[in-house]
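Being a predicted model, the structure only gives us computed values, none of them experimental. We count ligands from 1, going down the list as the structure has it; atoms in each ligand are counted the same way.
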Amino acid sequence: MVTKNHERIHLDDKNLCHLAMSELEDLYTDLGLSTEELDLLDMPRRTFTVHFPVRMDSGKIKMFIGHRVQYNDARGPAKGGIRFHPELTIDHVKDLAFLMSLKCAVANIPFGGSKGGVVVNPKGLSRNELEHATRGYIRAIADYIGPFKDIPAPDVYTDEKIMAWILDEFERIKGEHVPSMVTGKPIELGGSKARSYSTSLGGIYVLEEAMKKINLDKSKAFIAIQGFGNVGENAARLLHEREYNVIAVSDSKGGIIKEDGLFIPAVIKHKNETGSVIDFPGSKNITNEELLTCKCDILIPAALSDQLNRDNAPNVKSKLVLELANAPTTRDADDIFFDKNIMLIPDVLANAGGVVVSYFEWSQNLNNDYWEEEKVLEKLKKTMITAFNDVYSLCQEQKCRLRKSAYSVALKRILEAEKLRGNL
Ligand code: NAD
């Protein structure tokens, strides 16, 4: 879904990379990695920059720049989104591709990590120009992507309509059907059921497993969610359907609270009618800052980065933080939560449900066997719970934060695959 918030999400990813890289540097020391291992992790396997012509509506040709980075593919074909953004740089794409390698390894799905995109402001293009730019980019990188090489997906400013053009262009070049070359496609072209809400549901599966570890009972769990877009709204809806008590939600205009629980279907209707969750009848308006520090048991940041920082972290009252957004917690806040014994489930694990269902989509395409929604959900649940327990066990063993153990699990899996291949 293309929204103006994606402008900000692109910036958030820069924070995510910065945070992850500083965390990883400490981890490299703790894990005692060899020079060979460090060199291998430091360098993306393949980095492409392409220049391609697009005929604009004026009849003139304009040259466009596209990037694609396949950071690591020791565990399987590279997997990562394609974004259209005017400030896209190859260095940022490299960092994001590395994080995708880690995310796929944490979830233990057989993919490496990649990322790519076109340097363009899609809002400045007509529909035809957008389609021609998409097709031009795919023609330029077609030899280097494919179901067993590198599989694109939607990202900032790209959506299922663009994935459909990508598929069509690739299939024209190859002269055959290859639905497994891209994920996030419309269902009619081989997309998977449940993908639209898989990030939120994957997070909920992980949350439920975490609640067992800290003996937090569903009936006593009051939940606050920051952000009411794709991820936040779906999380609120799914939690409500599972009879959780969501007491506070917010969007960019502000938040609302109702201590004995919000009726989420009515909040969604109110937001669709008025454009915001604020002024929902029977609730009290609050600021986003008040939402983050309200009296709740579970806090779910699902909007932007850097929301939980050294200023507000000491006032956070929840027992558990589920990072559905990318990088919502600064390192200072992370330390404060650790000291306060607040369990923080890191983004690399909490929001991996989207890429897990992408893997299911790829698998369904390859086998030409399409699953009912129940089967997708059952497999998503199993994958997310296993991933959580892998990370949690290591965290218990090493008495460290879940973020650190998630990265450790991922790095070990990647390095092990490299060793088995004889690359280390
Ligand atoms: P979105 O654009 O659909 O929704 C973002 C929401 O945040 C909107 O409701 C917006 O009003 C709200 N918001 C903006 N500024 C805010 C503020 N200052 N305070 C509170 N709320 C504010 O985006 P999304 O797809 O839901 O993504 C949200 C986060 O989840 C991002 O960090 C994104 O990188 C991450 N994420 C998304 C997916 C996915 O599948 N969509 C997967 C992994 C991670």
Side-chain angles (χ1 to χ4, degrees), residues 1-17 19-20 79-81 83 85 92 96 99-100 102-104 106-107 115 153-160 163 183-184 191-192 194-204 206 224-238 248-256 267-268 270-272 274-278 285-294 299-309 312 322-329 345-358 361 380 384:
M1 187 176 54
V2 173
T3 69
K4 68 175 186 298
N5 200 43
H6 277 136
E7 198 75 35
R8 175 62 212 252
I9 288 175
H10 182 74
L11 297 175
D12 288 351
D13 284 346
K14 291 197 174 156
N15 294 332
L16 172 65
C17 294
L19 250 168
K79 179 92 192 79
R83 66 178 51 184
H85 199 278
H92 188 40
L96 291 169
L99 290 177
M100 275 306 290
L102 296 177
K103 190 176 280 191
C104 293
V106 170
K115 203 73 158 195
D155 200 89
V156 176
Y157 281 141
T158 57
D159 55 13
E160 63 171 33
M163 298 308 114
T183 61
S192 179
R195 192 179 185 281
S196 59
Y197 60 88
S198 54
T199 300
S200 311
L201 186 57
I204 293 172
V206 162
I225 304 175
Q226 184 197 40
F228 213 67
N230 183 313
V231 176
E233 180 182 318
N234 274 315
R237 177 180 64 78
L238 292 162
V249 295
S250 69
D251 57 36
S252 58
K253 298 199 176 126
I256 51 171
V267 177
I268 293 173
H270 174 79
K271 190 208 131 192
N272 289 340
T274 66
S276 172
V277 296
I278 57 170
N285 283 345
I286 51 171
T287 63
N288 259 295
E289 204 51 38
E290 286 167 337
L291 178 135
L292 296 172
T293 54
C294 76
L299 177 61
I300 306 185
L304 308 170
S305 69
D306 285 353
Q307 296 302 295
L308 296 160
N309 48 46
N312 58 17
L322 179 74
E323 287 189 334
L324 286 187
N326 278 326
T329 313
I345 308 175
D347 46 15
V348 68
L349 169 66
N351 66 31
V355 74
V356 170
V357 173
S358 278
E361 180 176 337
L380 175 64
M384 295 305 292

Set of side-chain contact (heavy atoms from CB on, under 4.5 Å) partners for E233, sequence neighbours left out: F228, I268, K271
Please list, in number order, the atoms of ligand 1 under 4.0 Å from a heavy atom of L304. 15 (N), 16 (C), 17 (C), 18 (N)
What do we get for Q226 next to ligand 1 when only non-hydrogen atoms under 4.0 Å count, side chain, backbone, both or neither? side chain
Name the residue from L292, N288, I225, I286 that meets the side chain to side chain contact (heavy atoms under 4.5 Å, CB included) definition with S250. N288
Does A302 come within less than 4.0 Å of ligand 1, judged by its heavy atoms? yes
What do the steps show when you test L324 against L322 for side chain to side chain contact (heavy atoms under 4.5 Å, CB included), and what is the final call? CA-CA 6 Å; L324 286 187; L322 179 74; 4.0 Å; yes
State, to 0.1 Å, how close S200 and N230 come at their nearest heavy-atom pair, and which atoms those are. OG-O, 4.0 Å
Contact (N/O only, under 3.5 Å) between N326 and ligand 1: yes
When you compare ligand 1 with N230, is there at least one nitrogen or oxygen pair between them that comes in under 3.5 angstrom? yes
For A325, take its heavy atoms, then give the atoms of ligand 1 lying under 4.0 Å from any of them. 29 (C), 30 (O), 32 (O), 35 (C)
Going through the checks in order, is the side-chain hydrogen bond (donor to acceptor under 3.5 Å, both in side chains) test met by N312 and E289? CA-CA 8 Å; N312 58 17; E289 204 51 38; 2.9 Å; yes
So, S358 and R195: side-chain donor and acceptor under 3.5 Å apart, yes or no? yes
Among D347, V231, I225, whose heavy atom sits nearest atom 26 (O) of ligand 1? V231
Under the side chain to side chain contact (heavy atoms under 4.5 Å, CB included) rule, what do I256 and V267 come out as? Steps first, then yes or no, please. CA-CA 10 Å; I256 51 171; V267 177; 4.1 Å; yes
Distance alone, cut at 3.5 Å: any donor-acceptor contact between the side chains of D251 and S276? yes
If we only count N/O pairs under 3.5 Å, is G229 in contact with ligand 1? yes
Going by distance only, is there an N or O of S252 that falls short of 3.5 Å from an N or O of ligand 1? yes
Give yes or no for whether the N/O distance cutoff of 3.5 Å, strictly under, is met between N288 and ligand 1. yes
For ligand 1, is any non-hydrogen atom under 4.0 Å from D251's backbone (N, CA, C, O), its side chain (CB onward), both, or neither? both
